[in-house]
Amino acid sequence: IQAGNVGTRSLFHRKESNEHVFQGAQVLNGYVRDRTLLPPVYHVICDIPWESLEETWQTFQLLLRLPRPFRLALSSLIFFPGTPLYAKALTEGFLSGNEEEAFRKPFITPRPTYINFLIYCTSLAFIPKFFLKAISSIWMVRALNRVWLEPVHKINRKIFRFLEIGWKGLGALFAGDFLRIRRFVN
């Protein structure tokens, strides 16, 4: 998926519309429901400097529309030297020119912003979509997506990760999948 904003997706040479992404997710979900496939993993790039908060919110809105279950592979945008995106970021002042900078930034850990937390929560089956809609109006996202609140969002992410693991454990317990539980504990 990369991003929910079509303009942002074009940076990554993705030409699909959000409607095509949604239709593809519905097809995949049909196979998940009949147990032909495991839930899909959608890749989403966070912390894109050319993207406004409203455009990132569009990614959240798209993910909220997708049928569950699915997993997310969230990552921060990394600028690798020698790529067109690296040159664009360097020209526009998003990079210092130190090529090692690209390899020091954590790839798998997006910034602990409120919008990134909401994006993460879209894949959590134990959080009802109506609740996510209630806590994600654009004015609320603007109010809570502040740098000084990032430590709070980091803690929220850890708490919800713990709850996610517990939810999966309960699912395995009720399904009688004791081997899965044993593998996790060991």
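It should be emphasised that the depicted structure is a prediction, and the values quoted were computed from it without experimental measurement.
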For I165, what are the other residues in its hydrophobic cluster, where any two members join if their side-chain heavy atoms are less than 4.5 angstrom apart?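 So far as hydrophobic clustering goes, I165 is joined with F184.
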Side-chain hydrophobic cluster, 4.5 Å single linkage: members besides V6: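 Taking Ile, Leu, Val, Met, Phe, Trp and Tyr as members, V6 stands alone, with no cluster partners.
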Check salt bridge (charged side-chain N to carboxylate O under 4.0 Å, His left out) between [X] and all other residues, then give those that pass, not counting sequence neighbours.
X	answer
K154	none
E54	R142
R180	none
R146	none

[X] and [Y]: which non-hydrogen atoms are nearest, and at how many Å?
X	Y	value
P39	P69	CB-O, 3.7 Å
L28	P40	CD1-CB, 3.9 Å
L149	L144	CD1-O, 3.6 Å
P110	S76	CA-OG, 3.2 Å
S136	V141	O-CG2, 3.8 Å

Could you grab the distance from atom [atom1] of [X] to atom [atom2] of [Y], nearest 0.5 Å is fine?
X	Y	atom1	atom2	value
K133	F60	NZ	CZ	9.0 Å
R71	T122	CZ	OG1	11.5 Å
K168	L124	NZ	CG	8.5 Å
I1	R14	CD1	CZ	11.0 Å
L132	L64	CG	CG	6.0 Å
N18	Q23	CG	CD	11.0 Å

side-chain contact (heavy atoms from CB on, under 4.5 Å), that's the test. Do L118 and W57 meet it? Break it down for me. CA-CA 9 Å; L118 289 175; W57 186 71; 5.5 Å; no
side-chain contact (heavy atoms from CB on, under 4.5 Å) between I155 and I159, intermediate numbers included: CA-CA 6 Å; I155 292 167; I159 291 169; 3.8 Å; yes
Backbone N or O of [Y] within a donor-acceptor pair of the [X] side chain at under 3.5 Å?
X	Y	value
N145	Y114	yes
E55	S52	yes
R9	E16	yes

Decide if atom NZ of K129 counts as having more than 12 heavy atoms of other residues, nucleotides or ligands within a radius under 6.0 Å.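 Enclosed.
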Would you say L38 has more than 12 foreign heavy atoms packed within less than 6.0 Å of its CG?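 Result for CG/L38: open.
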Is there a path of hydrophobic side-chain contacts, each under 4.5 Å between heavy atoms, that joins [X] and [Y]?
X	Y	answer
V32	F126	yes
L74	I48	no
L66	I45	no

Residues in side-chain contact (heavy atoms from CB on, under 4.5 Å) with [X], at least two apart?
X	value
R111	D47, T113, N116, V147, E150
T59	A3, V44, E51, L63, I119
F131	I127, P128, I135

Let me see the working for T8 and Q2 under side-chain contact (heavy atoms from CB on, under 4.5 Å), right down to the final yes or no. CA-CA 9 Å; T8 303; Q2 313 305 334; over 6 Å; no
Mind checking ring-ring contact (aromatic ring centres under 6.0 Å, His included) for W50 and listing every partner two or more places apart, or none if nothing turns up?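 Expected list: F79, F94.
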Residues forming a ring-ring contact (aromatic ring centres under 6.0 Å, His included) with F117, sequence neighbours excluded: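 For F117 the ring-ring contact (aromatic ring centres under 6.0 Å, His included) partners, ignoring immediate neighbours, are F160.
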Taking atom types as modelled and ignoring hydrogens, do the side chains of R33 and N29 form a donor-acceptor contact shorter than 3.5 angstrom?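 There is such a pair between these side chains.
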Please list all pairs passing the ring-ring contact (aromatic ring centres under 6.0 Å, His included) test where one or both residues lie in residues 1-46, with sequence neighbours left out.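 The answer is Y42-F70.
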Quick one: do R157 and E164 make a salt bridge, cutoff under 4.0 Å?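 No, R157 and E164 are not salt-bridged.
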Below 4.5 Å, heavy atoms only, C-beta onward: do L72 and V41 meet side chain to side chain?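 No, too far: nothing below the 4.5 Å cut-off.
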